[in-house]
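Only one structure is covered here, and it is reproduced in the block below.
We name chains A, B, ... by the order of the sequence lines, and we start the count at 1 in each one. None of the values given here were measured: they were computed from a predicted structure.
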Number of protein chains: 2
Amino acid sequence: MRLKILNWLRRPEDHFPPHNVVKHFNDGVCATYIQEKTNLSQSTISTYLSMMEKCGLLISTRHGKWSYFKRNEKLIAQYANTLK
Amino acid sequence: MRLKILNWLRRPEDHFPPHNVVKHFNDGVCATYIQEKTNLSQSTISTYLSMMEKCGLLISTRHGKWSYFKRNEKLIAQYANTLK
DNA sequence: TTGATATATCGAGATTTATCAATATGTTTG
DNA sequence: CAAACATATTGATAAATCTCGATATATCAA
């Protein structure tokens, strides 16, 4: 599921509805949208996203009550390279 | 540990002693050497290696009583690419 | 300030994984 | 063939992971 999330976040506009307040995906996608798309519980997604941030795979930005998550391309590229 | 094994098998001559009967690494490295290097039990390594073969990550060749394992570069490249 | 909404944390159960010892099977060699 | 050696399979346990519901915390909006 976390790999899927990483994939969706490559091009958020292809996988998520537009945000209502922040009118772009510059900081990624809000946790709620990700939760809805995965059908996992809110607590699970919250944990996943913060784990992934701690790992360096994601970058999170808080805008008011929402947390947005986007890929940390630099780190992801490094991971992928290590594996390769 | 399995990632380590995959790494060692990139250049067996850098990580394993030479084979006594089969005088090359053309088919990879025998299970015993891998087991010794990992310090995992024989049964664990046997299971790991056959899992990895089933996954397509390794190719195994039996020469007499020995089983040799080498990387399946084609499949590995595909995996790495998918992840990337 | 309060209620509503978004996210975070905690504690727990079910499932999966890592790993072993014991044993079985296969292969060579004297 | 029998002993010796290499590998495979089985059954088991401890640890890790997945995932949840309940609850806590943070933030906005009226």
Side-chain angles (χ1 to χ4, degrees), chain A residues 1-9 12 15-72 79 83, chain B residues 1-9 12 15-72 79 83:
Chain A
M1 193 57 83
R2 272 162 284 182
L3 280 174
K4 277 192 194 170
I5 294 171
L6 280 179
N7 244 322
W8 294 334
L9 292 180
H15 302 283
F16 298 96
H19 289 128
N20 296 317
V21 174
V22 180
K23 298 284 189 195
H24 51 70
F25 290 113
N26 296 354
D27 293 315
V29 179
C30 70
T32 307
Y33 283 1
I34 297 175
Q35 192 247 306
E36 281 165 358
K37 198 167 171 77
T38 56
N39 272 321
L40 291 172
S41 75
Q42 183 270 320
S43 66
T44 298
I45 283 300
S46 173
T47 305
Y48 278 8
L49 294 175
S50 75
M51 286 165 91
M52 291 165 88
E53 196 210 348
K54 206 153 287 175
C55 291
L57 290 168
L58 295 180
I59 294 168
S60 83
T61 312
R62 186 119 187 177
H63 282 190
K65 58 180 168 178
W66 295 285
S67 275
Y68 297 82
F69 293 86
K70 69 177 171 191
R71 288 164 55 100
N72 184 350
Y79 271 102
L83 288 173
Chain B
M1 194 56 83
R2 273 162 283 182
L3 281 174
K4 278 192 192 169
I5 293 170
L6 279 180
N7 245 321
W8 295 333
L9 291 181
H15 301 283
F16 298 96
H19 290 128
N20 296 317
V21 174
V22 180
K23 299 284 187 193
H24 53 70
F25 289 114
N26 297 354
D27 293 316
V29 178
C30 70
T32 307
Y33 282 3
I34 297 174
Q35 192 245 307
E36 281 165 358
K37 197 169 171 75
T38 57
N39 272 321
L40 292 172
S41 75
Q42 184 269 321
S43 68
T44 298
I45 282 301
S46 174
T47 305
Y48 278 9
L49 293 175
S50 76
M51 286 166 91
M52 291 165 89
E53 196 210 349
K54 206 153 287 174
C55 291
L57 290 169
L58 295 181
I59 294 169
S60 82
T61 312
R62 186 119 188 180
H63 282 191
K65 57 182 170 177
W66 295 285
S67 276
Y68 297 82
F69 293 86
K70 69 176 171 192
R71 288 163 55 100
N72 184 349
Y79 271 102
L83 288 173

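Here the CG-CG distance, from L58(A) to L6(A), works out to 5.5 Å after rounding to the nearest 0.5 Å. The CD atom of E53(B) sits 8.5 Å away from atom CD1 of I59(B), with the distance rounded to the nearest 0.5 Å. Rounding to the nearest 0.5 Å gives a distance of 7.5 Å between CG of N39(A) and CE of M1(A). Atom CZ of residue F69(A) and atom CG of residue D27(A) lie 11.5 Å apart, to the nearest 0.5 angstrom. Put simply, CG on L9(A) and OH on Y68(A) are 13.5 Å apart, with the number rounded to the nearest 0.5 Å. Rounded to the nearest 0.5 angstrom, M52(B) CE and S60(B) OG are separated by 12.0 Å.
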Sequence-aligned protein contact record of nucleotides 23-30 of chain D, with B where the base is within under 4.0 Å of a protein heavy atom and S where only the sugar-phosphate is: ----SS--

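Considering I34(B), V29(B), L57(B) as possible partners of I5(B), the one that fulfils the side chain to side chain contact (heavy atoms under 4.5 Å, CB included) test is I34(B).
Nucleic acid contact for T47(A): base, since at least one base atom lies under 4.0 Å from a heavy atom of the residue. Counting non-hydrogen atoms under 4.0 angstrom, S43(B) reaches a base of the nucleic acid.
Against DNA chain C, the stretch residues 22-38 of chain B makes no heavy-atom approach under 4.0 Å.
Applying the ring-ring contact (aromatic ring centres under 6.0 Å, His included) definition to pairs two or more places apart or across chains, those involving residues 28-61 of chain A are H19(A)-Y33(A).
Distance CG (L49(A)) to P (dC18(D)): 14 Å, rounded to an integer number of Å. The nearest whole Å value for the distance from the NZ atom in K54(A) to the C1' atom in dA8(C) is 11 Å. Taking atom CG on N39(B) and atom P on dA21(C), their separation rounds to 12 Å, with Å as the unit. Look at CG on L58(B): it is 14 Å from P on dT7(D), rounded to the nearest Å.
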Are there any protein N/O atoms within less than 3.5 Å of an N/O atom in nucleotides 15-18 of chain C, and if so, which ones and at what distance?
unit_1	atom_1	unit_2	atom_2	d
dA18(C)	OP1	R2(B)	NH2	3.1
dA18(C)	OP2	R2(B)	NH2	2.6

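Every side chain to side chain donor-acceptor pair (under 3.5 Å) that S41(A) has, sequence neighbours left out, goes to S43(A), T44(A). With sequence neighbours excluded, no residue satisfies side chain to side chain donor-acceptor pair (under 3.5 Å) with E36(B).
When atom types are taken as modelled, the side chain of R2(B) and the backbone of K4(B) share no donor-acceptor pair closer than 3.5 angstrom.
The shortest distance between the side-chain N/O atoms of S46(A) and the OP1/OP2 oxygens of dA8(C) is below 4.0 Å.
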